[in-house]
Number of protein chains: 2
Amino acid sequence: MASGCRVRYDLSVTETASSPLPAPQPTRSEASSDRVGSNSALQRSREAFISHWGEMGSSWGVPRSMAEIHALLFIEGRPMNADEIMDRLQISRGNVSTTLRQLADWGIVTRVRQRGDRKDYFEAEQDVWNLLSLIVRARKRRELEPLLAALEDAKSLASAPGDSDDPKAIKAHIARLDSMNDALKRLDRLSDRFIGRGGRGLDVAVRLLASLL
Amino acid sequence: MASGCRVRYDLSVTETASSPLPAPQPTRSEASSDRVGSNSALQRSREAFISHWGEMGSSWGVPRSMAEIHALLFIEGRPMNADEIMDRLQISRGNVSTTLRQLADWGIVTRVRQRGDRKDYFEAEQDVWNLLSLIVRARKRRELEPLLAALEDAKSLASAPGDSDDPKAIKAHIARLDSMNDALKRLDRLSDRFIGRGGRGLDVAVRLLASLL
DNA sequence: ATCTGATTTCAGAAGTTTTTGAAATCTCGG
DNA sequence: CCGAGATTTCAAAAACTTCTGAAATCAGAT
């Protein structure tokens with residue numbers, strides 16, 4: 001569903017001076033042919049995880065690089081700074097900065113301070129149920145709730161004052177809006193409970209259901 | 001999150017002859033300013049529903065026009081043919097054809113035959129829980145399952161034969177993959193039950209949970 | 001077979017989203 | 001207050017997705 005394969009870009013920043021990074025770590029390989037970088041089994045497994053997570057993200061409307069950054073932080077399980085992320089994923093500084101801020105807004109990633117280091121470090125939520133609940137919460141707020149509001153609007157629009165529509169048709173129309181509204185509202189309320197307390201709710205509910213069905 | 005406002009396009013097809021359509025129905029209005037077309041309360045309400053549904057779709061990775069076509073069929077609640085859809089939504093024949101096929105593949109829309117009419121008509125699933133279960137089913141197959149397989153791969157990659165990685169690190173890494181895998185697998189199995197029987201399962205489960213939590 | 005209207009296909013156009021990278025801004029230490 | 005490094009911003013570029021429309025294909029009627 002897409003290829004990939006970006007080109008390397010210049011790392012030097014603003015000032016003219018050369019920034020003597022501790023040893024510019026060779027890049028990862030993208031897919032086949034040439035391999036560079038540390039290619040231990042562990043590293044290759046991480047790479048696989050990252051790219052599959054990125055893939056999944058992009059089919060769910062999450063920018064690939066956002067999903068990849070998150071995957072990297074999750075799978076490394078330790079705080080990383082922007083430079084490390086840039087090097088590892090081969091994406092630009094601006095992109096990393098913007099994306100980290102968004103992930104932090106969603107609450108999926110936390111900014112941590114490293115003693116005696118001016119850089120910002122970031123680490124990902126490690127509890128998967130917590131992670132899922134954060135995602136659900138964010139999408140619910142950004143997408144489900146506005147849609148519910150819109151459905152209410154559509155409903156009130158339909159029952160406007162004097163007009164020339166067939167009352168039968170109006171009734172059927174409103175019934176359709178209502179059934180959609182009901183279903184989504186139920187999911188909405190349900191997700192409230194699910195995410196009620198730090199993801200544990202989701203976990204519990206899922207176990208519960210699994211046994212009941 | 002986007003504008004819209006496409007231009008009208010030529011309706012005439014292949015042959016040179018003029019296709020005398022029964023009266024090219026004026027176009028809908030996009031948002032504000034000029035209004036054309038039938039503007040009854042009912043019509044405006046439908047329009048609102050369609051565009052909000054389209055909006056939502058596009059933030060979930062569904063092409064706007066696909067979401068709109070589905071919304072139109074759902075809210076009209078009757079079989080419609082390609083020409084009606086083109087006129088109403090102002091989208092091209094090719095787009096309509098391709099999209100209808102996809103919706104039909106997902107099972108969200110059904111092709112129905114109208115006696116004595118060579119055209120194909122399409123109608124949308126009217127039961128919302130059924131609809132949701134069809135959507136869940138499709139996404140599960142197309143996205144969740146491949147991801148689960150990929151996680152398994154990543155896991156086996158990590159425990160490859162003789163290599164230089166710290167055994168501690170490998171253990172931690174595998175634990176992470178496992179926790180992700182477990183959570184997603186549980187969701188996966190759960191959705192199986194949910195959609196087990198034509199959407200009713202989903203409905204029942206949701207009611208059940210709502211009362212339990 | 002042929003004709004006619006409906007449908008599908010697909011290359012290119014249009015539109016949208018994502019990414020880049022360099023300049024602006026911020027922040028801390030001295 | 002200045003300098004050095006870190007971060008943010010944002011206009012422009014690249015990449016990707018979706019859409020168009022004309023030509024090809026298909027299918028029923030004659």
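Throughout, a chain's letter reflects where its sequence line sits, starting with A, and its residues are numbered from 1. What's counted below: heavy atoms across the whole structure, side chains too, no hydrogens, waters or symmetry copies.
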Apply the test side-chain contact (heavy atoms from CB on, under 4.5 Å) to residues A:Leu73 and A:Ile85: give CA-CA distance (whole Å), side-chain angles for both, the deciding distance (0.1 Å), then the verdict.
-> CA-CA 9 Å; A:Leu73 292 172; A:Ile85 298 173; 4.2 Å; yes
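- Of all the heavy atoms in B:Ala158 and A:Ala41, the pair that sits closest is O-CB, 4.0 Å.
- With salt bridges taken as basic N to acidic carboxylate O contacts below 4.0 Å, one links B:Lys185 and B:Glu152.
- Under the salt bridge (charged side-chain N to carboxylate O under 4.0 Å, His left out) criterion, A:Glu123 pairs with no residue at all, not counting sequence neighbours.
- Atom pair A:Met86:CE and C:dT19:P shows a separation of 14 Å (rounding to whole Å applied).
- A sub-4.0 Å separation between OP1 or OP2 of C:dG21 and a side-chain N or O of A:Ser92 is absent.
- Here C:dT18 presents its C1' atom at 19 Å from CZ of A:Arg93, a figure rounded to the nearest Å.
- For B:Ile91, whose side chain is taken as the heavy atoms from C-beta onward, the closest listed nucleotide among C:dT7, D:dT18, D:dT20 is D:dT20.
- The separation between B:Asp87 atom CG and D:dT20 atom P is 13 Å, rounded to whole Å.
- Aromatic ring orientation, B:His70 versus B:Trp53: tilted (interplanar angle from 30° to 60°).
- A search for salt bridge (charged side-chain N to carboxylate O under 4.0 Å, His left out) contacts involving A:Asp188 returns A:Lys140, not counting sequence neighbours.
- C:dT20 atom P lies 13 Å from atom CD1 of A:Ile85, rounded to whole Å.
- Qualifying salt bridge (charged side-chain N to carboxylate O under 4.0 Å, His left out) partners for A:Arg111, counting only residues two or more places apart in sequence or in other chains: A:Asp120.
- A heavy atom lying under 4.0 Å from DNA chain C marks the following residues of residues 106-121 of chain B, by number: B:Arg111, B:Arg118, B:Lys119, B:Asp120.
- Under the 4.0 Å criterion applied to side-chain N and carboxylate O atoms, A:Glu84 and A:Arg78 are assigned as salt-bridge partners.
- In this structure, A:Glu55 atom CD and D:dC16 atom C1' are separated by 13 Å, rounded to whole Å.
- DNA chain C lies under 4.0 Å from at least one heavy atom of each of the following residues of residues 97-105 of chain B: B:Ser97, B:Thr98, B:Arg101.
- Taking the salt bridge (charged side-chain N to carboxylate O under 4.0 Å, His left out) definition, one finds that B:Lys155 meets it with B:Asp178, sequence neighbours left out.
- Summarising the geometry, the separation between CG on B:Asn95 and C1' on C:dA11 is reported as 15 Å, rounded to the nearest angstrom.
- Look at CD1 on B:Ile69: it is 13 Å from C1' on D:dT20, rounded to the nearest Å.
- Where A:Met66 and B:Gly94 meet DNA chain C, the nucleotide closest to each residue was compared, and B:Gly94 sits on the side nearer the 5' end.
- As rounded to whole Å, 7 Å separates atom P of C:dA6 from atom CG of B:Asp83.
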